[in-house]
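We use all heavy atoms of the structure for the numbers below, so side chains are in, but hydrogens, waters and symmetry mates are not. Remember, predicted model here, so these are calculated numbers, not experimental data. Every chain is numbered from 1 and lettered A, B, ... according to where its sequence line falls, protein lines coming before strand lines.
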Amino acid sequence: MKKQKDPFQPVPSSFFDKVFEVVRQIPKGRVSSYGAIAETLGSAGSSRMVGWAMNASHLVVPPVPAHRVVNRNGMLTGKHFFGTGKEMQELLEQEGIEVKDDKVVRFKELFWHPGV
DNA sequence: TTCCTGACTCCAG
DNA sequence: CCTGGAGCCAGGA
């Protein structure tokens, strides 16, 4: 018997859904880091998986605010994946987040820890 | 099944 | 100061 996905089973499709769920909880005007998210998911150290999940974030609904996710330095490592490359920065600035040199200003203050 | 890749992070030089 | 290598886990070919 091959394993079959039951449409009635609300089981999380994959690791990705968990990531999306956490990222969507990031309040507007705040940012988070891949490592913090990975840690919240219980897979601390798999920060790469978080970023990888973000690569597919634009394919899921509701849309995931991936622009609020940066690396532990507050650097916009994934900005290149936002179309032209400065869309991510503009999105952050629209939320009142100041970005300079591809880094979030006052990242430490704007940092939002998942799970709170 | 195996092999490769990746929007990260840490440690060493 | 900056650069390189290793570890990490999940998914696609």
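In this structure, C:dC1 makes no Watson-Crick or G-U wobble pair, since no nucleotide meets both defining distances under 3.5 angstrom. For C:dA10, the paired base is B:dT5 (Watson-Crick or G-U wobble, both distances below 3.5 Å).
For A:R24, the CZ atom counts as densely surrounded, since its 6.0 Å shell holds more than 12 non-hydrogen atoms of other residues, nucleotides or ligands. Dense packing is recorded around NE2 of A:H113, with more than 12 heavy atoms of other residues, nucleotides or ligands lying under 6.0 Å away.
Using a 4.0 Å heavy-atom criterion, one finds that A:S46 contacts the sugar-phosphate atoms exclusively. A:A38 comes within 4.0 angstrom of no nucleic acid atom, judged by non-hydrogen atoms across all strands. Within 4.0 Å of A:F82, counting heavy atoms only, lies at least one base atom of the nucleic acid. Counting any heavy atom pair closer than 4.0 Å across all strands shown, A:N55 reaches a base atom.
No hydrogens or angles were tested; on distance alone, nothing pairs the side chain of A:R72 with the base of B:dC8 as donor and acceptor under 3.5 Å.
With rounding to whole Å, A:D17 atom CG is found 14 Å from C:dA10 atom P. Distance CD (A:E39) to P (C:dC8): 16 Å, rounded to an integer number of Å. Residue A:F15 contributes atom CZ, which lies 10 Å from atom P of C:dC9 at whole-angstrom precision. Summarising the geometry, the separation between CG on A:N73 and C1' on C:dC1 is reported as 14 Å, rounded to the nearest angstrom. When the P atom of B:dA7 is taken as reference, atom CE of A:M54 falls 13 Å away, rounded to whole Å. Rounded to whole Å, the distance from NZ on A:K18 to C1' on C:dA10 is 12 Å. If you take CZ of A:F20 and C1' of C:dG11, they are 12 Å apart, rounded to a whole angstrom. With rounding to whole Å, A:D102 atom CG is found 13 Å from B:dA7 atom C1'.
Comparing B:dA7, C:dA10, B:dC8 by their closest approach to the side chain of A:W52 singles out C:dA10. Closest contact between the side chain of A:F81 and the listed nucleotides B:dA7, B:dC8, C:dG11 involves B:dA7.
Checking A:E87 against A:H67 by side-chain atom types alone, no donor-acceptor pair falls below 3.5 Å. Under 3.5 Å, the side chains of A:Q25 and A:E21 contain no donor-acceptor pair of N or O atoms.
Within the structure, every side-chain polar atom (N or O) of A:S43 is placed at least 4.0 Å from both OP1 and OP2 of C:dC8.
Residues A:R30 and A:E109 come closest through the heavy atom pair NH1-O, 3.1 Å.
Each of A:G45 and A:F16 lies near DNA chain C, and the nucleotide nearest A:G45 is the one positioned closer to the 5' end.
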